[in-house]
Amino acid sequence: MAVRKVHASNNSEPAMRVMACLNEKELAFQFVSVDMKVGEHKRQPFLSLNPFGQVPAFEDGDLTLFESRAITQYIATEYANQGTELLYSDSKKKAILLVWLEIESHQFDPAAAKLTWEIVLKPMLGMGTTDFAVVEENESKLANVLDVYESRLAKSKYLAGDSFTLADLHHLPHIQYLMGTRSWKLFESRSHVHAWAADITARPAWSKVLIAMKTEV
Ligand SMILES: N[C@@H](CCC(=O)N[C@@H](CS)C(=O)NCC(=O)O)C(=O)O
């Protein structure tokens, strides 16, 4: 049996994305801790897994990958016949799914990642205090993105269609980090976005990630 490994540090949003996907596919894996505080990600042997020195890196037998969204696409394709179906095979449905994967990556993530960093991770990791000018700028950007999501989710249970797919899954880490912060008002004030966020964060595969992250500290 192939040995799957996720090399990452605790609290890494992209690593959480990969682990959520593995759990949805009911695939066992080993979490290999990379201590970013001492710069393990910027030296060998980690650089042989990702020459850009960023976590996560992923191994599945003799295959090594990095970039969380490429990893989830590989997992969802390679293990298409087990666990949750996370992709569509119909070409038109798949095209819509690809659009929403791009939207997450290019519209949602830039603002949500900055908010997660400023409000949660920066103070938590002792890297400084929250810059509220950055928070306000990115809350405004995220509000515009979530207006589009609200219209979409009024017509469609999930972003790409009637079922949960990778397009929804990719949002989980930042939604989780922003829950309960001042930026959560952006989600709460949009009823369809709020219901969708509650639905996808309640998935057992996601709860399993949160439990694992607590024990990997
Ligand atoms: N696009 C990458 C982003 C990976 C990333 O930014 N990882 C952060 C940790 S959450 C990192 O390794 N930062 C260290 C650095 O960029 O030097 C992915 O989705 O995997």
Side-chain angles (χ1 to χ4, degrees), residues 4-25 27 29-60 63-78 86-87 97-128 130-131 134 138 141-142 145 159 165-179 181 183 200 205-206 209-210 212-214 216-217:
R4 281 172 290 271
K5 292 183 185 168
V6 176
H7 300 257
S9 66
N10 201 13
N11 306 315
S12 157
E13 309 100 293
M16 292 164 87
R17 185 175 291 129
V18 170
M19 291 192 283
C21 185
L22 287 163
N23 291 343
E24 289 287 355
K25 287 292 177 188
L27 292 165
F29 63 93
Q30 186 188 343
F31 183 89
V32 183
S33 183
V34 178
D35 191 347
M36 295 178 75
K37 287 195 286 300
V38 300
E40 271 180 13
H41 58 309
K42 298 294 180 196
R43 54 178 192 250
Q44 295 295 359
F46 186 80
L47 287 178
S48 63
L49 298 172
N50 181 355
F52 291 99
Q54 291 188 321
V55 299
F58 177 68
E59 288 180 274
D60 189 1
L63 178 70
T64 300
L65 297 172
F66 54 90
E67 285 297 337
S68 62
R69 295 169 182 85
I71 299 168
T72 59
Q73 294 226 30
Y74 160 74
I75 295 166
T77 309
E78 177 68 11
L86 294 168
L87 297 170
L97 169 56
L98 290 174
V99 169
W100 282 98
L101 288 171
E102 294 295 318
I103 292 170
E104 183 280 328
S105 180
H106 299 295
Q107 307 287 349
F108 178 87
D109 187 81
K114 285 203 183 74
L115 291 169
T116 297
W117 173 251
E118 283 300 331
I119 301 173
V120 185
L121 293 175
K122 192 163 131 186
M124 190 174 100
L125 300 173
M127 307 282 277
T130 302
D131 181 335
V134 175
N138 285 285
K141 287 183 185 167
L142 187 58
V145 175
L159 290 174
T165 66
L166 275 191
D168 307 291
L169 182 147
H170 284 184
H171 291 77
L172 282 165
H174 289 131
I175 288 181
Q176 185 70 43
Y177 271 120
L178 293 176
M179 207 178 264
T181 70
S183 300
I200 65 173
W206 183 244
V209 174
L210 299 182
M213 295 316 270
K214 280 198 190 108
E216 288 294 343
V217 179

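For ligands, and for the atoms within them, numbers begin at 1 and follow the listed sequence.
- Judged by distance alone, with hydrogens and angles left aside, the side-chain atoms of Tyr177 form no donor-acceptor pair with the main-chain N or O of Leu115 at under 3.5 Å.
- Remark: side-chain polar atoms of Ser48 are paired, donor with acceptor, to backbone N or O of Pro45 under 3.5 angstrom.
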Put together the list of close N/O pairs, under 3.5 Å, between ligand 1 and the protein, could you?
residue  : atom   : partner : partner atom : Å
ligand 1 : 1 (N)  : Glu67   : OE1          : 2.7
ligand 1 : 7 (N)  : Val55   : O            : 2.8
ligand 1 : 12 (O) : Val55   : N            : 2.9
ligand 1 : 16 (O) : Gln54   : NE2          : 2.8
ligand 1 : 17 (O) : Lys42   : NZ           : 2.7
ligand 1 : 19 (O) : Ser68   : N            : 3.3
ligand 1 : 19 (O) : Ser68   : OG           : 2.6
ligand 1 : 20 (O) : Ser68   : N            : 2.9

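- For residues 111-123, every residue pair satisfying the salt bridge (Lys or Arg N to Asp or Glu O under 4.0 Å) rule, not counting sequence neighbours, is listed here: Glu118-Lys122.
- Residues Leu86 and Glu24 form a side-chain contact, since some pair of their non-hydrogen atoms from C-beta on lies under 4.5 Å apart.
- When atom types are taken as modelled, the side chain of Asp168 and the backbone of Thr165 share a donor-acceptor pair closer than 3.5 angstrom.
- For the atom pair Leu22 CG and Ile75 CD1, the distance stands at 4.0 Å (nearest 0.5 Å).
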